[in-house]
Amino acid sequence: MKNFSYQEGIFNSKWLSKFMNCWFFKGEKFKIEKLIYKTFLSLKKKFNVNGLLLLFEVLEQLKPWIGLKLHRSSNQRKSQIQAHPVILTSNIQYRKAIYWLVKSIQLRKEINFSSRMNNEIKGIIFGEMTNSLKKKKEYYNYAVLFKSVRKFKW
C-alpha cells in the first residue's frame with residue numbers, strides 16, 4: 001500500500017504540507033495555513049520573491065548530510081549501544097530540517113507567529129546564527145565525534 005501525502009491547495013507542495021502538519025494544535029489547520037500564507041505574503045512584499053522559494057532555500061541550508069545510526073547487537077547491554085555515522089536520504093534530511101525550523105520558530109520571543117517565522121527565515125537566509133543553524137552544527141559535531149571514536153578504538 002502506497003502512502004499518499006496531502007498536497008496543500010495553493011502551492012501544491014508536499015514539503016509545505018508536511019511543514020504545516022508540524023504546527024497542528026487541536027485541529028486548527030485552517031488557522032495555521034492562514035498564518036503561513038500571511039507570512040509568505042509579507043516575505044514576498046519585502047524581498048519580491050515567492051515565500052515558498054525562500055522556505056525551500058532555508059530547508060536546503062538546514063538539511064544535514066550525515067547522521068547517526070544507533071546499532072546494538074543482541075548480546076549487548078544498553079550502555080554498549082554504538083553510534084555510526086551514515087549518509088542520510090533526502091526524505092530524512094528534509095524531515096530533520098523541518099523539525100529544527102519548527103522548534104526554533106517556537107523558541108523565538110516575538111509576539112505573533114508570522115513575525116517569528118519571518119525573522120527566522122530572514123536570519124537563516126542572511127547568514128545569522130539562528131537556533132536552527134546551531135542545531136544543525138551541533139548535530140554535525142556529534143556525527144564527526146562518533147566517526148572519530150569509531151575510527152580510533154581506544
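- Enclosure of atom NZ in K38 is not indicated, since only 12 or fewer non-hydrogen atoms of other residues, nucleotides or ligands lie within 6.0 angstrom.
- Heavy-atom neighbours of Y99 OH from other residues, nucleotides or ligands within 6.0 Å: at or below the threshold of 12.
- Looking only at distances, a side-chain donor or acceptor of Q93 sits under 3.5 Å from a matching main-chain atom of P64.
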message: For N119 and R108: C-alpha separation, side-chain torsions, deciding distance, then whether side-chain contact (heavy atoms from CB on, under 4.5 Å) applies.
response: CA-CA 9 Å; N119 291 336; R108 291 188 75 91; 3.4 Å; yes
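- Between the side chains of S42 and N118, at least one donor N or O lies within less than 3.5 Å of an accepting N or O.
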Candidate pair R116 and F113, rule side-chain contact (heavy atoms from CB on, under 4.5 Å), full reasoning: CA-CA 5 Å; R116 283 187 278 172; F113 173 79; 4.1 Å; yes
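- A donor-acceptor distance shorter than 3.5 angstrom exists from the side chain of K136 to the backbone of Q61, with no hydrogens or angles considered.
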side-chain contact (heavy atoms from CB on, under 4.5 Å) between K96 and K63, worked out: CA-CA 7 Å; K96 287 203 176 291; K63 70 179 187 180; over 6 Å; no
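- In this structure, the side chains of L101 and I124 come closer than 4.5 Å at one or more pairs of heavy atoms.
- The environment of N91 atom CG is dense: over 12 non-hydrogen atoms of other residues, nucleotides or ligands sit within 6.0 angstrom.
- Residues I36 and M20 come closest through the heavy atom pair CD1-CG, 3.5 Å.
- Take F47 and apply the ring-ring contact (aromatic ring centres under 6.0 Å, His included) test, not counting sequence neighbours, and it matches F126.
- Side-chain polar atoms of N112 and S115 form a donor-acceptor pair below 3.5 angstrom.
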